[in-house]
There are 2 protein chains.
Amino acid sequence: MPDRRPSLEDVARLAGVSITTASRVINGSAHPVSEQTRRRVLKAVATLDYHPDALARNLKRQLTQTIGAVVHDISDSYYSEVVRGAEDHARRHGYVLMVSNAYRIGERILSCLRTFREHRAAGVVLAGSDLTDRGHWHEMQRQVESMQRQGIVVVGLATQKVRMPCIRTDNVAIGRMMTEYLLGKGHRRIAFVSGPQAIFTSHERHQGYREALERAQVAYDPRLVVWDDFTKEGGFRAATRLIEAGPPFTAMFASNDEMAIGALLAFRTRGIRVPQDVSLVGSNDIPLARYSYPPLTTLRVPMYDMGVQAVELILQVAAGRDRAKAIRDLQDFQHFVPLQIVERDSVASMA
Amino acid sequence: MPDRRPSLEDVARLAGVSITTASRVINGSAHPVSEQTRRRVLKAVATLDYHPDALARNLKRQLTQTIGAVVHDISDSYYSEVVRGAEDHARRHGYVLMVSNAYRIGERILSCLRTFREHRAAGVVLAGSDLTDRGHWHEMQRQVESMQRQGIVVVGLATQKVRMPCIRTDNVAIGRMMTEYLLGKGHRRIAFVSGPQAIFTSHERHQGYREALERAQVAYDPRLVVWDDFTKEGGFRAATRLIEAGPPFTAMFASNDEMAIGALLAFRTRGIRVPQDVSLVGSNDIPLARYSYPPLTTLRVPMYDMGVQAVELILQVAAGRDRAKAIRDLQDFQHFVPLQIVERDSVASMA
DNA sequence: TTGAAAGCGCTAACAA
DNA sequence: TTGTTAGCGCTTTCAA
């Protein structure tokens, strides 16, 4: 066996047929091939341990079997669930998924996009890239538009300042739902632990929080709101600040579960009991949420499905004839995934 | 601007130069190009919004800029940390990472390997694929050997029955260390929650557990050992079974943190306090470990670094001249990463 | 300093 | 039923 990667030509030569015939057999083409020839080719493939070169094939076919995913940080449960769904679905359809962590760094998001397009991805799933930075939009706008124009679908998983199809959550609704839930339990002094200022998701959830308060005629108290990272550490810091410097509160809404887990530790550290002393809710329902202590009341976001659906959208377009047109038609497509509150044990009524 | 993806030829034509010259400018070749020409080309690139085609480039160059990663399940913290390290490092060197979840299904692992080689990955990181199934080894053996022969490095992150370079943990040592730690705290009845029978990692940790017991002259009691999935659910189930049907124990060693988290819930559900009633240790030190209640005493495994190192190995080989030879030389390379116990609050002394 | 041309491995239109 | 051939978009000798 050769050290070099065998090519179709090697197979054809060994089987004593033309390269075309070999190709036909290997691809299971509809074109008729005699049983005997077929066998000879297959034999040669086995002998040489031949594996087709996807690069050459895709180059020729002018299409590709890859999809890119830009995420904030793959080790954050939210993104890993999304990616898992995306990968499962991509693989199911013979596509491979390229993944990149962009850590919400504008330049890095753009660079991932560039890399994926160079690799001729059929589409890109953009998660955790809803930066509020205006300078960044501009460049994104350029990049995404030009990708779309060239037939590469870019699907967003959050509010985007750039026009593109989205599979998303209604973050304002999330903020409202959780706040209303707490209000419904009789809480009036509700602290809000927000995600980073740098992304829209945070602002939207915060807005939902305000809206719910307003509707319930509860005054909005800015001292009850703290912004930090969407991480356990961020939640810990935010809750700590609130406990130490903020006015008293009977409930807290952490804008994602990771932060809620961090807040839980902050409370524990100070001997504050959840939910006896303070109630707590998160959002997203990451797998961990039911294993925290106490199990976290939160809101289920179908992360896995979002990954699946984003990929499905890409697949749809890729399968069509005029991709650029299909993309234009989808420009304003927005699918809002269903949301559902999951009640566990971190909330007490103010009865 | 065209809907079609512009090619180098389009750029050349617009700039009024040859395709060769355009290529030289775009690749920053050492070959001299007049300043004026360079500018014209760059201008054309901008106008057309040209992005080189990585497929064509790699096809020609006979190399590739991609690395594959086969993991068990990307939403398991262990793998997502490894992948994060791998991706960061790959990207730093201009490579893109393709990721696949194989869920420890033999056929699926093989299919990922096939896909990656077809896509001409420079190498593949194999994590969570240390299946004990003999039928599977055989096929793996064939596949991996043929990949290595063709210059594709396959790096393992766990014991492999197939010869390949590995960046790994000494799982027997892990089993021993944690058990000895518990013994050192005066525990004698130590339950062991093992990972799935299907992979070597579980058996190795189990063996370490036995060895430590033996050295300490503590009888091994099979009723104190339960096997289940390496997940929170698995840990919950295993601990529940142990509590309900097993003989009494004062400490439990869960072979990974996820399972420990699950066990924690099982204890809590039954009003068993950790560490007052029973001590608990896990392994790996996933980010969550310090946020559990109580914070988990565990063993730090440098997951991120393992990903980095696995990719580094691939990069080294890819950069060399004779790849197949470099791979042969690395065949038995085994790097054992440093391990360190992290003491938190889930263990009490039997003083 | 520039360009012509060969060819990476493959598919598909066309011919036989 | 089989084969010839023209590229896909790019890099890279080699020649001018």
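Residue numbers start from 1 in every chain, and the chains themselves are labelled A, B, ... in the order their sequence lines are given, proteins ahead of strands.
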Could you walk me through whether B:D329 and B:K325 pass salt bridge (Lys or Arg N to Asp or Glu O under 4.0 Å), step by step?
CA-CA 6 Å; B:D329 294 344; B:K325 174 165 184 327; 2.9 Å; yes
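- Residue contacts for B:S29: at a heavy-atom cut-off of 4.0 Å it reaches no nucleic acid atom on any strand shown.
- B:Y79 meets the ring-ring contact (aromatic ring centres under 6.0 Å, His included) test with B:H72; sequence neighbours excluded.
- Checked against side chain to side chain contact (heavy atoms under 4.5 Å, CB included), A:S129 has the following partners two or more places apart in sequence or in another chain: A:V70, A:I109, A:L126.
- Of the candidate nucleotides D:dT4, C:dG3, D:dT1, D:dT1 has the atom lying nearest to any side-chain atom of A:S34.
- Here B:T37 does not reach the OP1 or OP2 of C:dT1: none of its side-chain N or O atoms lies under 4.0 Å away.
- No side-chain donor from either of A:Q150 and A:R120 sits under 3.5 Å from a side-chain acceptor of the other.
- Screening residues 10-51 of chain A for ring-ring contact (aromatic ring centres under 6.0 Å, His included) gives no qualifying pairs among residues at least two apart or on separate chains.
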How does protein contact run along nucleotides 5-14 of chain D, one letter per nucleotide 5' to 3', with B for base contact, S for sugar-phosphate only, - for none, heavy atoms under 4.0 Å?
BBBBBBBB--
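- Closest non-hydrogen pair, B:R168 versus B:M306, comes out as CA-CE, 3.9 Å.
- Under the ring-ring contact (aromatic ring centres under 6.0 Å, His included) criterion, B:H335 pairs with no residue at all, not counting sequence neighbours.
- A donor-acceptor pair under 3.5 Å is absent between the side-chain atoms of B:Q160 and the main chain of B:C166, judged by distance alone.
- Here B:T21 reaches the OP1 or OP2 of C:dG3: one of its side-chain N or O atoms lies under 4.0 Å away.
- Helix bend of the helix from C:dT1-D:dA16 to C:dA16-D:dT1: the angle between its two end axes, each built from five pairs, comes to 40° after rounding to 10°.
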